[in-house]
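Each chain gets a letter, A, B and so on, in the order the sequences are listed, and its residues count up from 1. Computation of the quantities below employed the complete heavy-atom set of this structure, encompassing side-chain atoms and omitting hydrogens, waters and symmetry-equivalent molecules. A quick note: this is a predicted structure, and the numbers were derived from the prediction, not measured.
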Number of protein chains: 2
Amino acid sequence: MQHHQIDVHDTADERLRRDGQRYTANRRVLIDALREADRPVTVLELIDGTPGMAQSSAYRNLSVLEEAGVVRRLVTADDTARYELAEDLTGHHHHLICERCGSVIDIDVPTELEDGVSAFSSLIADTHGFRIEHHRLDLMGVCPSCSTAAH
Amino acid sequence: MQHHQIDVHDTADERLRRDGQRYTANRRVLIDALREADRPVTVLELIDGTPGMAQSSAYRNLSVLEEAGVVRRLVTADDTARYELAEDLTGHHHHLICERCGSVIDIDVPTELEDGVSAFSSLIADTHGFRIEHHRLDLMGVCPSCSTAAH
DNA sequence: TTTACTGCAAAGGGTTTGCAACATG
DNA sequence: CATGTTGCAAACCCTTTGCAGTAAA
């Protein structure tokens, strides 16, 4: 994951400004937390790591950041939203999801497979009149720690 | 989508019995509604089409049916769960999702691509110690009706 | 000095649960 | 009759929103 190809803070600042928003301390803290997490994290996980920020601020800021294209909101297996940095800041990747506990791990996909998906994607876009903006290829199952734990 | 390869009601009845559950009128109605929908539908859509059933019963029954492996619960773009019949009753397929309105369309994927995903899947299972049970390959974008509507 | 941002508390919306009545094996 | 199922209403949890005060351009 090439976090430092471009400066995340500069990019965030620029994209927020474009939307008439400010890159405040809270928002910077969220971005840092997302960078450190290096996997999609829930809002609860985010504010646990950043004491002092109101939940409502976290939700509002993440929503503003998503609007600006700095972060991405995911809904995976459970019904809790998870956030990660936008793909142009971290590189394109996919997810390995535990359906038991909801945890998510980033994975990279071989280029051939990625190309196959893109080709298929354009085909479907044409036949269904959809504007396809991205895709997700998630592998779902049971993570090591959940499979040792009794269910 | 080969709904009639095996009889859905017989299968549902059998799988529920295996779990010590009964195949009641409400559950039969839900299964019929899901068959007719032919795409993942929300609980609200389901009970709108089947007046007389309490919401709580719909939720409880869908949960029992999911446990029995008769239906599958999805969470897509919005935070509303959608249900569809289990894949062994309808055939393996993937989803075309509108991120604007949350609607979902079933799509089939070429065999080569499907094979590529399976191969990749086993690879990741090995390297991460995950038991991978299935995958999802969703194409996400904006559906025709949302792209004509003003945003 | 206007506009965005913040925290707090309250409301919202999908989902789950307690309970007493009902239905099924 | 013993156990699973139902509807109703209340509770639950994640998320959003109203508001009055604060900070930034």
Side-chain angles (χ1 to χ4, degrees), chain A residues 9 12-31 33 40-68 70-83 99 101-104, chain B residues 9 12-31 33 40-68 70-83 99 101-104:
Chain A
H9 289 304
D13 187 48
E14 179 194 320
R15 293 186 186 172
L16 285 170
R17 259 170 228 292
R18 202 194 339 167
D19 283 12
Q21 310 274 4
R22 299 165 190 167
Y23 193 36
T24 61
N26 270 350
R27 292 174 185 174
R28 177 175 297 265
V29 165
L30 286 173
I31 295 292
V41 288
T42 64
V43 175
L44 203 57
E45 289 173 323
L46 277 174
I47 58 177
D48 275 358
T50 64
M53 177 164 6
Q55 273 201 23
S56 60
S57 296
Y59 277 107
R60 264 190 288 232
N61 284 326
L62 286 166
S63 162
V64 168
L65 288 166
E66 189 193 14
E67 190 75 20
V70 183
V71 307
R72 179 150 73 129
R73 178 187 146 107
L74 310 173
V75 187
T76 55
D78 51 7
D79 306 289
T80 334
R82 282 160 208 268
Y83 287 87
E99 293 185 301
C101 70
S103 66
V104 183
Chain B
H9 289 305
D13 186 49
E14 178 194 321
R15 293 185 186 172
L16 285 170
R17 258 169 228 292
R18 204 194 339 167
D19 283 12
Q21 310 272 6
R22 299 166 188 164
Y23 194 36
T24 62
N26 270 350
R27 291 173 186 176
R28 178 176 296 265
V29 165
L30 286 172
I31 294 294
V41 287
T42 64
V43 174
L44 202 58
E45 289 172 322
L46 278 174
I47 58 177
D48 276 357
T50 63
M53 177 166 5
Q55 274 201 23
S56 58
S57 297
Y59 277 108
R60 265 190 289 232
N61 283 326
L62 287 166
S63 162
V64 167
L65 288 165
E66 189 193 14
E67 189 75 21
V70 182
V71 307
R72 180 150 73 128
R73 178 187 148 107
L74 312 172
V75 187
T76 54
D78 51 6
D79 306 289
T80 333
R82 283 160 209 267
Y83 287 87
E99 293 185 300
C101 70
S103 66
V104 183

In whole Å, what is the span from the [atom1] atom of [X] to the [atom2] atom of [N]?
{"X": "A:Leu74", "N": "D:dT15", "atom1": "CG", "atom2": "P", "result": "12 Å"}
{"X": "A:Asp78", "N": "D:dC12", "atom1": "CG", "atom2": "C1'", "result": "16 Å"}
{"X": "A:Glu67", "N": "C:dA4", "atom1": "CD", "atom2": "C1'", "result": "15 Å"}
{"X": "B:Leu62", "N": "D:dT5", "atom1": "CG", "atom2": "C1'", "result": "14 Å"}
{"X": "A:Arg73", "N": "D:dC14", "atom1": "CZ", "atom2": "P", "result": "13 Å"}
{"X": "B:Asp13", "N": "C:dT24", "atom1": "CG", "atom2": "P", "result": "14 Å"}
{"X": "A:Leu65", "N": "C:dC5", "atom1": "CG", "atom2": "P", "result": "10 Å"}
{"X": "B:Ile47", "N": "C:dG14", "atom1": "CD1", "atom2": "C1'", "result": "11 Å"}

**OP:** Please collect all ring-ring contact (aromatic ring centres under 6.0 Å, His included) contacts where either partner lies in residues 12-31 of chain B, sequence neighbours excluded, each pair once.
**Re:**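 ring-ring contact (aromatic ring centres under 6.0 Å, His included) check on residues 12-31 of chain B returns B:His9-B:Tyr23.
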
Original post:
Counting any heavy atom closer than 4.0 Å, what does B:Ser56 reach on the DNA or RNA strands: base, sugar-phosphate only, or nothing?
Top reply: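 Counting heavy atoms under 4.0 Å across all strands, the contact made by B:Ser56 includes a base.
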
Original post:
If you look at every strand shown and take non-hydrogen atoms under 4.0 Å, does A:Gln21 touch a base, only sugar-phosphate, or nothing?
Top reply: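 Sugar-phosphate: the residue A:Gln21, judged by heavy atoms under 4.0 Å, touches backbone atoms but no base.
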
Original post:
Looking at CZ of A:Arg82 and CZ of A:Arg73, how far apart are the two atoms once the value is rounded to the nearest 0.5 Å?
Top reply: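 Interatomic distance, A:Arg82 CZ to A:Arg73 CZ, rounded to 0.5 Å: 12.0 Å.
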
Subject >> Nearest-0.5 Å distance, CG of residue A:Asn61 to CD of residue A:Gln21 >> reply: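 The distance works out to 9.0 Å.
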
**OP:** Kindly determine whether A:Asp13 and A:Arg17 satisfy salt bridge (charged side-chain N to carboxylate O under 4.0 Å, His left out), including the steps that lead there.
**Re:** CA-CA 6 Å; A:Asp13 187 48; A:Arg17 259 170 228 292; 3.1 Å; yes

Subject >> Residue A:Arg17, side-chain atoms from C-beta onward, closest of D:dG7, D:dT15, D:dA25 >> reply: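 Of the options given, the side chain of A:Arg17 lies nearest D:dA25.
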
**OP:** Could you check which of D:dT6, C:dT16, C:dT6 has an atom nearest any side-chain atom of B:Ser57?
**Re:**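 The answer is D:dT6, which lies nearest to the side chain.
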
Subject >> Nearest-nucleotide comparison on DNA chain D, the residue closer to the 5′ end among B:Asp79 and B:Asn61 >> reply: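 On the 5' side of the pair lies B:Asn61.
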
**OP:** By nearest nucleotide on DNA chain D, pick out whichever of A:Arg60 and A:Leu44 is the more 5' one.
**Re:**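 Looking at DNA chain D, the more 5' nearest nucleotide goes with A:Leu44.
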
Work out which heavy atom in [X] is nearest to a heavy atom in [Y]; give both atom names and the distance.
{"X": "A:Asp19", "Y": "A:Ala68", "value": "OD2-CA, 3.5 Å"}
{"X": "A:Val75", "Y": "B:Asp78", "value": "CG2-O, 4.4 Å"}
{"X": "A:Leu62", "Y": "A:Val71", "value": "O-CG2, 3.7 Å"}

Taking only side-chain nitrogens and oxygens of [X], does any of them come within less than 4.0 Å of OP1 or OP2 of [N]?
{"X": "A:Thr24", "N": "C:dT6", "answer": "yes"}
{"X": "B:Tyr59", "N": "C:dT15", "answer": "yes"}
{"X": "B:Asn26", "N": "D:dT5", "answer": "no"}

Original post:
Is there a donor N/O on one and an acceptor N/O on the other, under 3.5 Å, for the side chain of A:Arg22 and the base of C:dT3?
Top reply: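 Yes.
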
Subject >> Beyond-backbone contact of A:Leu16 with A:Leu65, side-chain heavy atoms, under 4.5 angstrom >> reply: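 Yes, side chains in contact.
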
Original post:
Mapping B:Thr80 and A:Met53 onto DNA chain C by nearest heavy atom, which one lands closer to the 5' end?
Top reply: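 Closer to the 5' end of DNA chain C: A:Met53.
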
Original post:
Hey, what bend do you get for the helix from C:dT1-D:dA25 to C:dG25-D:dC1 if you fit axes on five pairs at each end, rounded to 10°?
Top reply: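 The end-segment axes of the helix from C:dT1-D:dA25 to C:dG25-D:dC1 are tilted 30° relative to each other.
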
